[in-house]
Amino acid sequence: MTTRVAILISGGGSNMAALVRDMHGDHPARPVLVVSDRPEARGLSKAAAMGVAVADVDHRRFGAGRGAGFEHALQAKLEEARPDILCLAGFMRILTPEFVSHWQGRMLNIHPSLLPKYKGLNTHARAIEAGEREAGCSVHEVTAELDGGPVLGRARVAVAPDETPRTLAAKVLRLEHRLYPAVLRRFAAGDRASVWLS
Ligand code: GRF
């Protein structure tokens, strides 16, 4: 039976597109839904143009902060699509421990640093500031600890002497587009061993 994947986005959706593009042919999974917490997310039209069902759950309807109302509505959309795996791909909301524990072991995220270094935001500026010689991205299982779940894959790139957060972000994003599909392909086939790309 084909493994069903839902992808959660907030923005441009370039990682989502890389995942969707990879899910064909002998891939063990297929995309069944792309959901955004922002109706204006450019990734939604991109997903629709790729033939994937889309939905939005506007987080502003539920007030500030993370919350039961938003997640309840999100969960309802997900239940209709019946995914086996959730991929967070540039999804900018922190999920509650209740939501995470419901999906734990079935939910992945991509983070633009070599975890466990630089959890949270502004990863590229922090890596440059710290004088790192290499940077990269990681795909990990989502647990209640922010960016702290088991790492399933990493990809690294050299930090140039004149690197800026913007140039590093562009380099790392290209790597993300290779790493996330590679990890999902293995994870959907039941392989949780860690992958290193370089
Ligand atoms: C990526 O760098 C991802 O790692 C970060 O947000 C960015 C999302 O880009 N969390 P996109 O929406 O996949 O284009």
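Both counts, for ligands and for their atoms, begin at 1 and track the order of listing. Here the structure is a predicted model, which means the values were calculated and not measured. The figures that follow rest on heavy atoms only: side chains count, while hydrogens, waters and symmetry mates do not.
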- Can you find a pair of side-chain heavy atoms, one from Leu78 and one from Trp103, that are under 4.5 Å apart? yes
- Query: Side chains of Ile9 and Ile7: closer than 4.5 Å at any heavy-atom pair?
  - Reply: yes
- Decide yes or no for Met23 and Leu184: does some side-chain heavy atom of the first lie under 4.5 Å from some side-chain heavy atom of the second? yes
- Item | Shared hydrophobic cluster, Leu88 / Val100 (ILVMFWY, side-chain heavy atoms < 4.5 Å) | yes
- Judged by atom type as modelled, is there a donor-acceptor pair below 3.5 Å linking the side chain of Glu132 to the main-chain atoms of Val159? no
- Message: If you compare all heavy atoms of Pro181 against all heavy atoms of Ala18, which two are closest, and at what distance to 0.1 Å?
- Response: CG-O, 3.7 Å
- Under 4.0 Å from ligand 1, counting heavy atoms only: the protein residues, by chain and number: Gly12, Gly13, Ser14, Asn15, Gly90, Ile110, Pro112, Leu173, Glu176
